[in-house]
Chemist: 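Structure incoming, see below.
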Amino acid sequence: MLKRRAMQTIELEVFLPADTAIVWDHILQPRLFCFVAKGVLTFKPVNPSAFPERWSAGQYRVRKYLWGLLPMGWQVIDIEFLPDQGRPHRLRDNGRGWMVPTWDHTMIVEPAQGGTRYTDYVKIEAGVLTPLVAVFARHFYKHRQRRWQKLIAADFDYTVS
């Protein structure tokens with residue numbers, strides 16, 4: 001019998017040279033989600049059949065593709081806005097998917113001198129695959145943070161590659 005692995009947590013922080021309100025506004029747009037994932041994962045909306053212009057609380061079912069080609073099954077993006085209560089802006093995707101029953105991702109946005117401190121905080125549980133999925137997730141979130149920096153350097157021009 002296969003032994004169940006414990007949940008793993010990943011926390012990656014990056015300084016973004018942009019105003020916190022602008023960064024937060026872009027987090028609320030699904031086009032940012034697609035942009036920062038590009039090159040590693042591609043997401044195709046299933047239910048609803050298109051992403052909204054702005055995220056709202058609720059569930060979005062997608063198909064995901066590694067490098068835009070290799071089908072990786074389905075995923076539920078489960079958006080929740082966490083109360084600020086004087087703390088940083090926080091958006092939670094309490095996601096789950098085909099191979100990964102727990103992909104709980106919180107994005108934290110807070111002012112920092114000269115810009116914004118952005119943090120990806122992710123809890124992952126995928127049974128015996130958890131260590132492998134965690135290695136992938138760490139790579140994926142580092143990629144996302146590089147894509148954030150590229151977008152900001154391009155003055156939020158989403159047409160850059």
Side-chain angles (χ1 to χ4, degrees), residues 6-45 48 50-60 62 64-68 72 75-97 100 102-126 130-161:
M7 188 173 294
Q8 289 202 15
T9 301
I10 297 164
E11 185 171 353
L12 295 172
E13 183 179 294
V14 66
F15 173 79
L16 300 175
D19 181 78
T20 303
I22 293 170
V23 170
W24 181 247
D25 182 61
H26 283 271
I27 282 178
L28 300 178
Q29 301 173 43
R31 71 181 181 158
L32 174 86
F33 167 68
C34 294
F35 181 88
V36 295
K38 185 179 179 182
V40 175
L41 290 175
T42 302
F43 299 90
K44 304 288 183 185
F51 286 125
E53 189 173 315
R54 295 178 76 76
W55 292 117
S56 59
Q59 295 185 2
Y60 304 83
V62 298
K64 59 184 176 183
Y65 299 85
L66 185 63
W67 305 306
M72 296 290 292
Q75 180 172 329
V76 172
I77 299 168
D78 192 350
I79 299 293
E80 175 185 355
F81 295 91
L82 300 173
D84 290 345
Q85 300 174 342
R87 291 182 281 181
H89 295 297
R90 296 177 297 149
L91 175 70
R92 180 182 185 201
D93 167 16
N94 190 11
R96 60 199 167 280
V100 184
T102 302
W103 189 289
D104 187 354
H105 174 215
T106 300
M107 290 161 274
I108 304 165
V109 176
E110 55 193 321
Q113 184 151 350
T116 300
R117 181 176 27 251
Y118 171 82
T119 305
D120 286 304
Y121 181 81
V122 190
K123 293 185 279 185
I124 296 167
E125 197 287 307
T130 299
L132 182 61
V133 172
V135 167
F136 170 81
R138 181 169 293 282
H139 166 76
F140 178 60
Y141 285 104
K142 284 181 180 180
H143 169 79
R144 283 173 44 109
Q145 290 182 358
R146 284 189 302 270
R147 297 279 296 165
W148 255 112
Q149 297 212 343
K150 183 174 190 169
L151 183 64
I152 290 168
D155 200 27
F156 293 95
D157 177 359
Y158 282 84
T159 63
V160 299
S161 300

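Model, not experiment: these values are computed from the prediction.
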Chemist: Heavy atoms only: give me the nearest Ile108-Pro88 pair and the separation to one decimal.
Modeler: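 Looking at all heavy atoms of both residues, the shortest contact is CG2-CB, 3.7 Å.
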Chemist: Hey, mind stepping through Phe140 and Asp120 against side-chain contact (heavy atoms from CB on, under 4.5 Å) and telling me if it holds?
Modeler: CA-CA 11 Å; Phe140 178 60; Asp120 286 304; over 6 Å; no
Chemist: Using the rule given for side-chain contact (heavy atoms from CB on, under 4.5 Å), can you reason through Met107 versus Phe33, listing the C-alpha separation, both sets of side-chain angles and the distance that settles it, and then say yes or no?
Modeler: CA-CA 11 Å; Met107 290 161 274; Phe33 167 68; over 6 Å; no
Chemist: So, do Tyr158 and Lys38 sit near enough that their side-chain heavy atoms are less than 4.5 Å apart?
Modeler: no
Chemist: Just verifying a value: how many Å separate Trp103 CH2 and Gln75 CD, rounded to the nearest 0.5 Å?
Modeler: 7.0 Å
Chemist: If you measure from CG on Leu91 to CG on Leu28, what distance do you get to the nearest 0.5 Å?
Modeler: 7.0 Å
Chemist: Could you tell me which non-hydrogen atom of Pro30 sits nearest to which non-hydrogen atom of Phe51, and how far apart they are?
Modeler: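 That would be CB-CB, 3.7 Å.
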Chemist: Is there a donor-acceptor pair closer than 3.5 Å between any side-chain N or O of Gln145 and the backbone N or O of Leu12?
Modeler: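 Yes; judged by distance alone, with no hydrogens or angles, the pair exists.
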Chemist: Which atom names give the shortest non-hydrogen contact between Ala154 and Val160, and what distance separates them?
Modeler: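 For Ala154 and Val160, the tightest heavy-atom pair comes out as CB-CG1, 3.6 Å.
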Chemist: Tell me if a side-chain donor or acceptor on Lys150 pairs with a main-chain N or O of Ser161 at a distance below 3.5 Å.
Modeler: yes
Chemist: Evaluate the criterion side-chain contact (heavy atoms from CB on, under 4.5 Å) for residue pair Val36 and Leu151; output intermediate values, then yes/no.
Modeler: CA-CA 8 Å; Val36 295; Leu151 183 64; 5.6 Å; no
Chemist: Could you tell me whether the side chain of Met72 reaches within less than 4.5 Å of the side chain of Thr42, counting heavy atoms only?
Modeler: no
Chemist: Mind checking the CD-CH2 spacing from Gln29 to Trp24? Nearest 0.5 Å is all I need.
Modeler: 12.0 Å
Chemist: Given 3.5 Å as the limit, does a donor-acceptor pair link the side chain of Thr20 with the main chain of Thr116, or not?
Modeler: no
Chemist: How long is the gap from CH2 on Trp148 to NE2 on His26, to the nearest 0.5 Å?
Modeler: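 Those atoms lie 7.0 Å apart.
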Chemist: Identify the heavy atoms of Val133 and Ala126 that sit nearest to each other, and give their distance.
Modeler: CG2-CB, 3.9 Å
Chemist: Would you check if the distance from the ring center of Trp55 to the ring center of Tyr60 is below 6.0 Å?
Modeler: yes
Chemist: Just checking, any donor-acceptor pair under 3.5 angstrom between side chains of Asp104 and Thr102?
Modeler: no
Chemist: Are side-chain heavy atoms of Arg138 and Gln8 found at a separation under 4.5 Å?
Modeler: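 No - every pair of side-chain heavy atoms lies 4.5 Å or more apart.
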Chemist: State, to 0.1 Å, how close Phe15 and Gly114 come at their nearest heavy-atom pair, and which atoms those are.
Modeler: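 Looking at all heavy atoms of both residues, the closest pair is CZ-O, 3.4 Å.
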Chemist: Going through the checks in order, is the side-chain contact (heavy atoms from CB on, under 4.5 Å) test met by Val40 and His139?
Modeler: CA-CA 9 Å; Val40 175; His139 166 76; 4.1 Å; yes
Chemist: Could you tell me if the ring centre of Tyr141 sits under 6.0 Å from that of His105?
Modeler: yes
Chemist: Please check if the side chain of Asp78 supplies one atom and the backbone of Asp93 the other of a donor-acceptor pair under 3.5 Å.
Modeler: no
Chemist: Which heavy atom of Ile10 sits nearest to which heavy atom of Ala137, and what is that distance?
Modeler: CD1-CB, 3.6 Å
Chemist: Could you state the interatomic distance from OG1 (Thr106) to CZ (Arg92), rounded to the nearest 0.5 Å?
Modeler: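 It comes to 6.0 Å.
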Chemist: Is the number of heavy atoms from other residues, nucleotides or ligands under 6.0 Å of Lys44 NZ greater than 12?
Modeler: no
Chemist: Can you establish whether the number of heavy atoms outside Asp155 located under 6.0 Å from its atom CG is more than 12?
Modeler: no
Chemist: Please check if the side chain of Arg147 supplies one atom and the backbone of Ala37 the other of a donor-acceptor pair under 3.5 Å.
Modeler: no
Chemist: To the nearest 0.5 Å, tell me how far Glu125 CD sits from Met7 CE.
Modeler: 6.0 Å
